[in-house]
Chemist: 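Quick one: the structure is below, questions incoming.
Residue numbers start from 1 in every chain, and the chains themselves are labelled A, B, ... in the order their sequence lines are given, proteins ahead of strands.
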Amino acid sequence: MSTMLEVRGLAHRYGAGPDAHVAVEDLAFTVAKDELACIVGPSGCGKSTLLRCIAGLIKPSAGEVSLHGDRVVGVPDDLAVVFQDYSRSLFPWLSVRGNVEFPLRTRVGSRAERRARAQEALGWVGLSDAANKYPWQLSGGMQQRVSIARALATRPALLLMDEPFASVDAQTRADLEDLLLRVRRDHGSTVLLVTHDIDESVYLGDRVLVLSKSPASIVADLKVDLPADRDQISTRGSSTFVELRTEIARLLHDRQPAPAEPAPAAASASSSDELAAERFLAAEREEAHQKTAT
Amino acid sequence: MRPVYRNLIGLAGFFLIWEGVGRVGLVDPTSLPPPSEVAGTLVGLLGQESFIRDVIATMLAWLIALGISIAVAVPAGLLLGSLPWLRSSTRVLIEFLRPIPPVALIPLIILTIGSGPDAKITLAFYASVWPILFNIIYALDDIDPLLLDTARSFGNSRARVLATVALPHVAPFAYTGLRLSAAIALIVTVSTEYLAGSQIGVGAFIIDEYIAIGGMDEVLAGTVVIGFVGYLVNEGLERAGNRMFRWSDTTRAEALT
Amino acid sequence: MSRVAGFAQRWAVFVVVVIAWQLITSAAQDVYFPTPWQIVQQGWTLWFTDGDGNVAIAESVTEDILPSLGRVVGGWLLSVVLGVALGTALGRSRTAMDYVGPLFAFFRALPSPALLPVFIVLFGIETGMKLALIVFACIWPVLMNTVDGVRSVDAVKTDTARSFRIPRTQWVTMVVLPAALPKIFAGLRLSLAIAVILMVVSEMVGTTSGIGHALRSAQRQFDLTSMWAWIVLLGIIGYVFNLALLAVERRALRWQPTRSGAANSKQTAKAGG
């Protein structure tokens, strides 16, 4: 498998001097072609900063990012981003089709082909009939599907997703997760998805990168050993899934970054942390249960 | 660089260009006197009692007109905004009255009211009542029904809902209307003084200077004074508004006329 | 039925007021207040008959009304183009408004009719002066609102556009200007009202054509019925301008969400009524 994305020694700080806020510290990882990698980390840990650095939207303070071997300076041509806030990321003055065609204007010369590509991408996300509507006429989940279609229509080498399903309700979220898996399986894309939801990262990812609290650094890089065909109920119920999410929850909760091997991490945690971890896991279980129940 | 310095640089640049076009001979200095000359005239004028009286007369007419506008437009707006049948039956009438440019009424006012202070107050009132009125009606239309339902679900009476939910919602819109009204009222007050042959007021001062001696520096100095007053009032209203309505999404209130 | 009833309700008060006006003025026989019917007749004579009483487009239409409309529309359009272009450029720059902002805010606050003498001396009393004055008065609300609107593009849209690497022209025409449009239209409405005011004012002072001139000379000749006819005409012109701008605005801002279908129909009723 060839490497699509390589991040080396990435660091970013806001401001300068002693007051500087270090958002990301010395990050290194790679994402292989056709892989779906999830980055999971606590809220406010610098995930978005990391993603913006990779997208070339901000210039990192140190380190470098390369996409299929080319160093990223500014936004690369063949990259697309899906943001969390679909209501602000879609252009309200453009119809659904207009939004999907928006990035194609410079990429595809002929008007007819643009239209065809947009229609195709809308078909992938099941919105062929909504092309002439305006975004506000659609539900939140449908709006996010439009922005996914818009990103896919450019046929990006790398699709970056920043908490893409964090602003929709639980049922829609499950639908969108399955939609992402299906679209990826059918069209083979490389995806890097950032989330704070442990279950989501395990459910979607081929790999999960666990980030520490701010400043963000990688605590663990876990392979998700689940079959490619996943299912909201049976996958989430499988023992592999439960083990992985428990492990990630531990990693995330531990104050200290865990050593490279995750297994002894729990053992080394202090007793008070243990107790808090228990509560945290119980809450997580509860939530997962509710999700599968609906 | 601090924004204040940039402000000052911008102003200085403008004055230099103005001074320059006269000096170089692009414009005849008697048509457009340079700022150095206007500044001298301005200082002189500020020491003249009669000019100060003109400024005060204009300001007073302006303020009184705005006061009457508020007194009329706020209750009228609330009434029209909360009684749909009343609004729909008066709509055509209002839609025909509003677009009449206030200065078009100057000849009529001269003939019926004369050219005293009540003439300019009447016209400035006529010009400034609409923005407040329309913003209030619009705001009442725009109010989120969910807010009203919430208030009613707590068992509030109709009057209480109006006072606790509708009024705070309307206030920033009405205030934006007031700012627009203030600007238009000043234009109309000065125009009336100017065209109706008022005895006193900055507009009268300007036209007298122009007709009597063609003194462009006096005209400009008078304009600068009244413009500066208008600027201060607008800035003051804006700052006070930002402070009072910090909770409101003013960008939406702003997008109205 | 509701349609007819709504129409009747909307126009009933207007009709009643006009009838009352007719009755009161014809009873009072006040020289200052001619009856609406007399005003309409006078308007007909002024604009649609030649000197011998035959039906024709009168000289005053070509000599006064058309030049006035040309000045208002021309001056306003000029200031819209200039104001939007300049406002977009200034709004895109982070520091430019720091330099010129206070100056422009001052210009906006100037009661521009007061500058009429200066403009007369600089540009003469003909159309050039009127256009210049209208542009000078109208450009500031358009410009300042454009700057405001251009600056209101939100961060996520900026990031989205950047992440797709769109060229600058597409960025300005498809993201910045549409985002600024609601504010720009607020500026346009205000400046259109100002344009009509300045058209009248500039024509009232030392000029030989235009509605303002006709109005002023009717007043001087104590021809009150004509004066009223001109005032009513200005009202109609203002009304039509408003309606036209509203139609353009509703088309351009079609994409804006409405709270409900009810709000939508209300707007339609407003525009139609």
Chemist: Name the region of C/Val201, side chain, backbone, both or neither, that has any atom closer than 4.5 Å to a heavy atom of chain B.
Modeler: both

Chemist: Residues in side-chain contact (heavy atoms from CB on, under 4.5 Å) with C/Ala137, at least two apart?
Modeler: C/Ser112, C/Ile194, C/Leu198

Chemist: Looking at residues at least two apart in the chain, or sitting in another chain, which of them share a side-chain contact (heavy atoms from CB on, under 4.5 Å) with C/Leu245?
Modeler: C/Trp76, C/Phe185, C/Leu188, C/Arg189, C/Leu192

Chemist: Heavy-atom cut-off 4.5 Å, strictly under: side chain, backbone, both or neither for B/Leu97 against chain C?
Modeler: neither

Chemist: For the residue pair C/Leu116 and B/Tyr210, establish whether any side-chain heavy-atom pair is separated by less than 4.5 Å.
Modeler: no

Chemist: Is any residue of residues 217-226 of chain C within less than 4.5 Å of chain B by heavy atoms, and which ones?
Modeler: C/Gln219, C/Phe222, C/Leu224

Chemist: Contact part of C/Trp228 toward chain B, heavy-atom cut-off under 4.5 Å: side chain, backbone, both or neither?
Modeler: side chain

Chemist: How close do C/Gly238 and B/Pro99 get, counting heavy atoms only, and between which atoms?
Modeler: C-CB, 3.3 Å

Chemist: Which one wins on heavy-atom pair count under 4.5 Å against chain C: B/Asn7, B/Ile106, B/Ile206?
Modeler: B/Asn7

Chemist: Count the heavy-atom pairs under 4.5 Å between each of B/Val219, B/Leu195, B/Leu11 and chain C, then report the option with the highest count.
Modeler: B/Leu195

Chemist: Who pairs with C/Ile237 by side-chain contact (heavy atoms from CB on, under 4.5 Å), at least two apart in sequence or on another chain?
Modeler: C/Leu69, C/Ile211, C/Leu233, C/Phe241

Chemist: C/Phe107 vs B/Phe14 aromatic rings, parallel, tilted or perpendicular, using cut-offs 30° and 60°?
Modeler: perpendicular

